[in-house]
Protein chains: 2
Amino acid sequence: MVDLGPYDVLLSVAELGSMGRAAERHGVTQAAVSARIRSLEGALGVTLLERSPRGTRLTPHGALVADWARVAVDAAEALDAGVTSIRSEQAARLRVAASLTVAEYLLPRWLVALRTEHPETSVSLSSRNSTDVAADVLAGAADLGFVEGPAVSDDLDAQVVARDRLTLVVAPGHAWASRRRGIDAERLRATPLVAREHGSGTRAFLEHSVGALAEPALELASTTAIKGAVAAGVAPAVLSSLAVAGELAVGTLVAVHVVGLDLDRRLAAVWPRGRPLAGPAADLVGLATRRREG
Amino acid sequence: MVDLGPYDVLLSVAELGSMGRAAERHGVTQAAVSARIRSLEGALGVTLLERSPRGTRLTPHGALVADWARVAVDAAEALDAGVTSIRSEQAARLRVAASLTVAEYLLPRWLVALRTEHPETSVSLSSRNSTDVAADVLAGAADLGFVEGPAVSDDLDAQVVARDRLTLVVAPGHAWASRRRGIDAERLRATPLVAREHGSGTRAFLEHSVGALAEPALELASTTAIKGAVAAGVAPAVLSSLAVAGELAVGTLVAVHVVGLDLDRRLAAVWPRGRPLAGPAADLVGLATRRREG
DNA sequence: TGGGGTCATAAGCTGCGCTTGTGCCCCTGA
DNA sequence: TCAGGGGCACAAGCGCAGCTTATGACCCCA
């Protein structure tokens, strides 16, 4: 597996314009940075940085590699922020409970941002379904919750932090893929889908919107596995737009409109009613909201 | 920086259902896999795998971590496939020249797929603008090219492998973000944008569609930097839908419709006319096409 | 009841990447 | 004109992470 360390360093050098400053940011020696970059260049056989006595700039090759690397490094940082928050810290200053869609796609990046803006805040995350999240927050087992759909309890204050849309997706070769008009809800109800095991909030929301569904064609444990099965032509699936944005852009999956159905969902932060948000919880909600509202 | 090795192993274990088989896939001992997983669990303070004498399954915690990890590992693999193809191999069996959008967003994943389907194929990649790509292919300096927009020369055969759409994006707080109707082309022409240095094919295509543009508000070296500037409210930008799909889904950026303008683009593979595709070049084009067509 | 499958543990070795220390080069400013 | 500082590169030595090998415990099934 690739070691992202050198690429992380490369990105810092590119941003800061000097190996010395990048070394400082990473808490290592300038010599270490120099060696890392050189060995990276050695492995690639091209120079990535244009050195000068005044500093350092990316070469065109370097810019391409840096763009690729940014994606990987960002994903790795999100992963790290996520797993750090899972580590059951008794010392955690902020206990968050989140439903699956939020935990899977949104929270890691929020945690990365929170870490840079408020490094002193430690977060502990537990992933539950939406009703359990509400229960945890009401019982004081969590300071802050994130749920799918409208507010679940009158005893909670809520703030919408994101939206998504349940999206019917099929493989590019599927008959539905070329239907410009989409399909109707009846057709969807009658079709076996690829679904998540233990049908989470997504499935409940879908059944609430279209009515009872056919038995799943296949039940899988992870969203990634579902996407793979759909792309392989097993059956269609209904997933959050957050989950399939990349695949839709690249064309690995195709979205199919469902006539007359509005599958927009609000993703909201919730906390005990009447107790104004403060401290780390307010930081996190503010940061999450800012990502949408500017 | 996070070491993705243990997560890669975790994903293999989850997929194969046993540490021993995962060890085999990675070419290491079962003991090494066991140790890696244990140390990962130790660092997190939770168990990720449910061990049994018949094998191993993800716990709910494990499933969440695995979904996060899949994103990071995939990105790292794409990065690795990309840099491997930059390594100027004299032994390369397939020389590819690609324009920036294709090189940045599409090719790495194609190369990952090519590596698994045809491990014996080594690829060398050079990133040029579309006209240079065509010239390289015609001159025999590249076996296969990928260009933006319609075919550039009558001496080349072409095959559309993907589409994208140039997209006007602004920060969520920008005045245009709330305009349901979008803005007209005149407004776009008159507005200084954040642009890429040395305006690549994207800028040329845009000027071809809407006419001469205002002087850029800011010129930056990487797409990532442009997205950051737009999100920070510096100015709008026009980028490939491939570049902004994730940000649009999450809400970090907002797409603005430009009335009466069709910015759809075809991304095509090109090769010398009359010489039917064969060998590694045919593999790659086929694989890239299949990702769209099923 | 033994054989094949699973995972865990212990001991020992290897190699990668760090630090420290130094050298060279270029620009700047007194 | 020359000293100083900031830039990067090179060499020597060390520490530790993670591997392998070898073995043990457990469970299931024939």
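Order of the sequence lines fixes the chain letters, A, B, ..., with proteins taken first and strands second; residue numbering starts at 1 for each chain.
As a whole-Å value, the separation of B:E50 CD from D:dC27 P is 15 Å. A:I37 has its CD1 atom 14 Å from the P atom of D:dC10, to the nearest Å. Going from atom CE of A:M1 over to atom C1' of D:dA17 covers 18 Å, rounded to whole Å. Remark: P of D:dA9 and CG of A:L40 are 13 Å apart, rounded to the nearest angstrom. Protein atom CG of A:L48 is 15 Å distant from nucleotide atom P of D:dC8, rounded to whole Å.
Considering only residues two or more places apart in sequence or on other chains, B:P236 meets the side-chain contact (heavy atoms from CB on, under 4.5 Å) condition with B:L168, B:V170, B:H174, B:W176, B:T191, B:L193. By the side-chain contact (heavy atoms from CB on, under 4.5 Å) test, B:D67 is found to be paired with A:E104, A:R196, A:S222, A:T223, A:T224, residues two or more places apart in sequence or in another chain being considered.
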> Which parts of nucleotides 6-19 of chain C does protein reach within less than 4.0 Å, heavy atoms only, written one letter per nucleotide 5' to 3' as B for base, S for sugar-phosphate only and - for none?
Replying inline: SBBB-------SSB
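A ring-centre distance under 6.0 Å is not found for A:W68 and B:Y105.
Between B:L10 and B:D8 the shortest side-chain heavy-atom distance does not fall below 4.5 Å.
Counting heavy-atom neighbours within 6.0 Å of A:E120 CD, excluding the residue itself, gives a total above 12.
In plain terms, the two heavy atoms of B:T84 and B:R115 that are nearest each other are OG1-NH2, 3.3 Å.
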